[in-house]
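Ligands are counted one by one from 1 in listed order, and the atoms in each one are counted from 1 as well. Being a predicted model, the structure only gives us computed values, none of them experimental.
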Amino acid sequence: MSMPQPVKRLVSGVILDLDGTLLNTDAIVGEVLKVYLAKYDKRWDGRETPKVAGKTPVEAAAAIVEDYGLSCSTEELISEITPMFGDQWSKIKALPGANRLIKHLRGNGVPMALASNSPRESIELKISFHEGWKESFAVIIGGDEVRNGKPSPEIFLAAAKGLELEPSKTMVIEDSLPGVVAGKAAGMEVVAVPSLPKQNHLYTSADVVINSLLDLRPEKWGLPPFQDWVEDTLPIEPWHIGGPVIKGFGRGSKVLGIPTANLSTDGYSELLSEHPSGVFFGWAALSSRGVYKMVMSIGWNPYFNNKEKTIEPWLLHDFEEDFYGELLCLVIVGYIRPEANFPSLEALVEKIHDDRRVAEKALDLPIYSKHRDNPFLRI
Ligand code: ADP
Ligand code: RBF
Ligand code: MG
């Protein structure tokens, strides 16, 4: 957008990882492991996800057998668990920005490859549920088609060869650490999109770390820029969330002139996992009072490093009094930026005021103002 961006090495092709990068596979892996481990009276609580993300199936299974002290072998675990995944593939959702990215690159004739540690057959099955994906990849390579999976560079080098491009002329997009290591070892530009929160500091070898695919700026590498930004905002498929206004951290946002009417995240974990954290805007209905413009933050507030994700909308209206406990319904229509850390509270507050101006102006545009009539706001 308006900030000058450093120029990266120019590339002409893109190699994408699948699980955790384009598809929200982690949610399904968690579901399956929860059911499987229950048979051994063990509990999967999601904390083990980093141990399996980006691993080959054998490595992931070995890690689980060891960590949970299971009495079965790695092979037994794999053969029992594989059919359990079978019914789940069709339910895996595309991650935010995945469809947009694939469509954009394909539409602009940028050669694309898919390189995943999972077997070729399951890659084909998984992508078959997503329209237009298979046709978009000139090359698809599975972990069973190379000698060594990621972090070995082999799979990415094979992908570049298939695209008939020099490795140095390709960009890898990856969510996992082994994948980032593999991409760098192959001599490629690497964009990391960590699928787990608060892990960004581990990705030091990546050329760029972004929060979600919505934040990718292809023009930094000489690729065609996205054309869908509208006045520093990105229109998104509207989604909604609502509940009573709860107490926040009482950090004095109101004293800073930025009161945020926090909503509980209880019961919304699935919905939230489908949307990236970041700064969004839209319309807010407050029980019987009215509908207002709204700009919000969803995430961990990097400046304060919260332990829990928060949903914090700032209603762009001067209220006479607090409205804790009242029903608040939000329709979220656009995206502004990822959450960021700031050198000072002043810098954070200044940025939030920029966000306010961007949202306030954008919400007058027909593409956003029309959502004021959303039935979800009729409360
Ligand atoms: P907390 O930490 O409890 O969320 P804040 O300092 O963020 O406290 O203040 C938020 C509260 O201020 C809201 O819950 C609401 O009752 C009240 N409030 C008043 N005006 C606004 C506004 N324009 N937007 C959001 N909340 C507001
Ligand atoms: N917190 C952050 O740590 N980083 C951010 O980038 C950030 N952006 C925000 C944008 C908006 C529009 C709003 C309303 C809040 C944002 N916050 C962010 C949350 C902020 O830290 C929180 O509201 C505090 O309670 C303010 O004191
Ligand atoms: Mg608040």
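Counting atoms of ligand 2 from 1 in the listed order, those under 4.0 Å from a heavy atom of Glu339 are 6 (O). Atoms of ligand 2 lying under 4.0 Å from any heavy atom of Thr260, numbered from 1 in the order shown and given with element: 14 (C), 23 (O). The Ala261 neighbourhood of ligand 1 comprises atoms 13 (C), 14 (O), 25 (C), 26 (N), with distances under 4.0 Å to a heavy atom of that residue. Remark: ligand 1 atoms within the under-4.0 Å shell around heavy atoms of Asn262 are 4 (O). Every atom of ligand 1 is numbered from 1 in the order shown, and the set under 4.0 Å from a heavy atom of Phe249 is 2 (O). Contact atoms of ligand 1 toward Ser253: 6 (O), 7 (O) (distance under 4.0 Å to a heavy atom of the residue). Taking a cut-off of under 4.0 Å to the non-hydrogen atoms of Pro302, the atoms of ligand 2 that pass are 2 (C), 3 (O), 4 (N). For ligand 2, the atoms sitting less than 4.0 Å from at least one non-hydrogen atom of Leu256 are 27 (O), numbered in the order shown with element in parentheses. Of all atoms in ligand 2, numbered sequentially from 1 with element shown, those under 4.0 Å from a heavy atom of Glu312 are 14 (C), 19 (C), 22 (C), 23 (O), 25 (O). Taking a cut-off of under 4.0 Å to the non-hydrogen atoms of Val245, the atoms of ligand 1 that pass are 14 (O). The distance from ligand 2 to the heavy atoms of Leu348 drops below 4.0 Å at these ligand atoms: 1 (N), 2 (C), 4 (N), 5 (C), 7 (C), 18 (C), 21 (O). Those atoms of ligand 1 that come under 4.0 Å of a heavy atom in Lys247, given as number and element, are 3 (O). Distances below 4.0 Å separate heavy atoms of Ala340 from the following atoms of ligand 2: 2 (C), 3 (O), 4 (N), 5 (C), 6 (O).
Atom CD of Glu124 has more than 12 neighbouring heavy atoms from other residues, nucleotides or ligands inside a 6.0 Å radius. Surrounding NZ of Lys161 are at most 12 heavy atoms belonging to other residues, nucleotides or ligands under 6.0 Å away. For Lys351, the NZ atom counts as loosely surrounded, since its 6.0 Å shell holds 12 or fewer non-hydrogen atoms of other residues, nucleotides or ligands. Residue Lys42 qualifies as enclosed at atom NZ: its count of foreign heavy atoms under 6.0 Å is above 12. Glu350 CD: 12 or fewer foreign heavy atoms inside a 6.0 Å radius. Around the CD atom of Glu326, the shell of radius 6.0 Å holds more than 12 heavy atoms that belong to other residues, nucleotides or ligands. Taking a 6.0 Å sphere around CD of Glu135, one finds it holds more than 12 heavy atoms contributed by other residues, nucleotides or ligands.
Polar contact check, Arg251 against ligand 2: no nitrogen or oxygen pair lies under 3.5 Å apart. Taking any N or O of Gly248, backbone or side chain, at least one lies under 3.5 Å from an N or O belonging to ligand 1. Geometrically, ligand 1 and Leu316 share no nitrogen or oxygen pair separated by less than 3.5 Å. Between Ile258 and ligand 1, no pair of N/O atoms sits closer than 3.5 Å.
The cationic atom of Lys34 (NZ for Lys, CZ for Arg) does not lie both less than 6.0 Å from the six-membered ring centre of Trp44 and within 45° of the ring axis. For the pair Arg251 and Phe304, the cation sits on the ring face: its NZ or CZ lies under 6.0 Å from the ring centre, inside 45° of the axis. With a 6.0 Å cutoff to the six-membered ring centre and a 45° limit on the axis angle, Arg217 does not count as a cation-pi contact of Phe226. Under a cutoff of 6.0 Å and an axis angle of 45°, Lys247 and Tyr324 form a cation-pi pair. Trp314 carries Arg356 over the face of its six-membered ring, with the cationic atom under 6.0 Å from the centre and within 45° of the normal.
The proximity of Phe342 to ligand 2, defined as any non-hydrogen pair under 4.0 Å, is limited to the side chain. At a heavy-atom distance under 4.0 Å, only backbone atoms of His317 (N, CA, C or O) approach ligand 1. No part of Lys351 comes within 4.0 Å of ligand 2, judged by heavy-atom distances. Of all the heavy atoms of Asp355, the ones lying under 4.0 Å from any atom of ligand 2 belong exclusively to the side chain.
Here Thr260 meets the criterion, with an N, O or S atom under 2.8 Å of the Mg ion (ligand 3). With 2.8 Å as the limit, Asn262 counts as an N, O or S neighbour of the Mg ion (ligand 3).
Annotation: side chain of Ile141 is not in contact with side chain of Leu114 (no heavy-atom distance under 4.5 Å).
For atom 11 (C) of ligand 2, the candidate residues are Ile352, Asn341, Asp354; the nearest heavy-atom contact is made by Ile352. The residue from Trp314, Phe323, Phe319, Tyr324 that puts a heavy atom closest to atom 26 (N) of ligand 1 is Phe323.
Here Lys91 does not pair with Glu31 in a salt bridge; the nearest charged N to carboxylate O distance is not below 4.0 Å.
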